[in-house]
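Worksheet: the structure to be examined is printed underneath.
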Amino acid sequence: MKNVKYGKCIRCGKTYEAVPDLTVCECGGILDIIYDYDYIKTRLTKEVLAKRDQRTMWRYRELLPVEESTELPPLRVGWSPLYEEPRLAEQLGLKRLWVKDDGQNPTASLKDRASAMAVAKAREAGAKVIACSSTGNAASSLAGNAAAAGLETYIFVPSRAPKGKVAQLMTFGATVISVQGSYEDTFELSKAAIDRWGWYNRNAAINPYLSEGKKTVALEIMEQLNWEVPDYIAISVGDGCTIAGLWKGLKDLHAIGLIDRLPRLISAQAEGCCPLNRAIETGKPWHPMEENTLADSIAVGVPRNAEKALHAIRESRGLTVNVSDEEIMAAQKLLGKTCGVFGEPAGVTGAAGVKKLCEAGVIGREDTVVSVVTGNGLKDVANAIAACGDPITIPGNMERLLEAFAEKGIAVK
Ligand SMILES: *Cc1c(COP(=O)(O)O)cnc(C)c1O
Ligand SMILES: [Zn+2]
């Protein structure tokens with residue numbers, strides 16, 4: 001890879017050749033992929049991108065750690081829509097607001113970006129089997145992207161994972177182990193199994209290439225905004241890989257001169273599980289928390305990528321915001337009704353955070369904000385119905401319809 005220099009430990013600084021099955025440093029630290037920006041600068045310009053018609057995450061190949069000869073995975077990942085939302089901006093009192101709907105990826109979450117990268121690297125490594133543990137979306141995205149590429153998967157999920165995600169796993173033909181325990185227990189079992197059988201490892205924060213896939217969400221946002229940098233980008237945070245990837249993408253663009261400043265990040269967590277935001281707010285090291293929220297994708301009591309995430313939030317002079325389950329449900333309804341965007345609970349937690357920060361007067365009239373919806377609501381219909389209620393249920397009869405309208409005070413126009 002001419003564009004990549006090496007993998008570098010974020011803890012001790014030791015460097016490693018960027019082989020396809022790279023994992024963590026011998027000191028236990030997580031690796032970061034380091035690029036040759038001088039080389040990339042000469043190849044990836046705004047003009048080059050404007051002429052490129054590939055509408056997937058791979059349109060930024062110069063900034064991605066794959067060999068030029070690598071066959072890319074087949075599913076269409078990335079280039080999700082970025083909608084400007086003037087009515088919601090008005091309601092919240094923001095200058096401008098955009099929603100990036102990453103629930104429109106092939107398996108319906110942002111995790112497809114990391115899983116497509118994992119499949120590309122597994123192919124380079126000559127692996128036939130990939131494994132991971134996940135709160136649900138990393139799992140379903142890996143199962144789908146691997147199935148399309150003809151690779152086998154072993155997937156570990158906590159038994160609380162919503163049915164929609166488990167249905168995806170079974171449909172994609174994964175061998176699924178539903179662990180009766182927390183995400184932490186699930187992760188530890190997957191680690192032991194991967195060590196034992198030598199599968200290609202797609203575990204969050206262990207495989208350093210995953211956040212390189214995730215960073216493409218930032219590259220797209222900036223290109224879709226015609227390189228005009230917003231004041232804030234809001235995203236939900238569990239393990240911390242997504243926000244770290246987002247920041248990496250922004251820093252890459254800054255390093256090659258495609259953007260001239262950096263936005264501030266908004267790190268949104270659930271009140272019932274916010275170990276990373278708590279660390280920022282108290283200025284103390286992070287401590288494990290209970291996984292006490294309905295936003296299952298970010299119910300991560302022991303975040304796997306704490307160091308990179310905390311660094312990203314701090315370096316961006318970011319804001320933290322913790323929202324209750326009620327606020328998450330309200331945001332689900334608000335985004336649905338105002339924008340036609342259907343997010344899962346963790347998917348709308350960033351938007352719930354933006355709303356809360358607007359109401360608190362922390363951000364407002366002068367600010368431009370992008371809120372990333374990280375996963376689709378169809379993955380977890382039980383919580384969507386809990387948030388938005390049941391329909392009018394009557395027999396097929398006009399009289400009963402009129403009665404029902406009268407009862408509910410619905411004046412038909
Ligand atoms: C995984 C996930 C997140 C959080 O990403 P982390 O890397 O765990 O911080 C947010 N939303 C959804 C829908 C996810 O699946
Ligand atoms: Zn190290």
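Atoms within a ligand are numbered from 1 in the order they appear, just like the ligands themselves. The structure displayed is predicted, hence computed values, not measured ones.
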Would R160 and E291 satisfy salt bridge (charged side-chain N to carboxylate O under 4.0 Å, His left out), going step by step from the backbone distance to the final call? CA-CA 11 Å; R160 64 154 203 250; E291 296 174 352; 2.9 Å; yes
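Residues meeting the side-chain contact (heavy atoms from CB on, under 4.5 Å) test with E67, sequence neighbours left out: M1, S69, T70, E124.
Look at E315 and K251 and you find a salt bridge, because one of the NZ, NE, NH1 or NH2 atoms lies within 4.0 Å of a carboxylate O, short of that distance.
Taking the centre and axis of the six-membered ring of Y16, the NZ or CZ atom of K14 falls inside the cone set by 45° and 6.0 Å. Annotation: cation-pi pair R278/W286 absent, no NZ/CZ under 6.0 Å from the ring centroid and within 45° of its normal.
Around the Zn ion (ligand 2), protein N, O or S atoms at less than 2.8 Å comprise C9 SG, C12 SG, C25 SG, C27 SG.
For the 3.5 Å distance criterion, the side chains of K355 and Q91 fail to qualify, holding no donor opposite an acceptor.
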Show me, pair by pair, the donor-acceptor contacts under 3.5 angstrom made by side chains of residues 20-32, not counting sequence neighbours?
residue, atom, partner, partner atom, Å
D32, OD1, K248, NZ, 2.9

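Taking the six-membered ring where tryptophan is involved, the planes of W199 and Y154 are essentially parallel, since the angle between them stays under 30° and well short of 60°.
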Show me the short polar-atom pairs for ligand 1: any N or O of it lying under 3.5 Å from a protein N or O, with distances only.
residue, atom, partner, partner atom, Å
ligand 1, 5 (O), T242, OG1, 2.7
ligand 1, 7 (O), K214, NZ, 3.1
ligand 1, 7 (O), C241, N, 3.1
ligand 1, 7 (O), T242, N, 2.9
ligand 1, 7 (O), T242, OG1, 2.9
ligand 1, 8 (O), D239, N, 2.8
ligand 1, 9 (O), G238, N, 2.8
ligand 1, 9 (O), D239, N, 3.2
ligand 1, 9 (O), G240, N, 2.7
ligand 1, 11 (N), S236, OG, 3.4
ligand 1, 11 (N), T374, OG1, 2.7
ligand 1, 15 (O), K111, NZ, 2.8
ligand 1, 15 (O), N137, ND2, 2.8

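Atom CG of L258 and atom CG of D260 lie 10.5 Å apart (nearest 0.5 Å).
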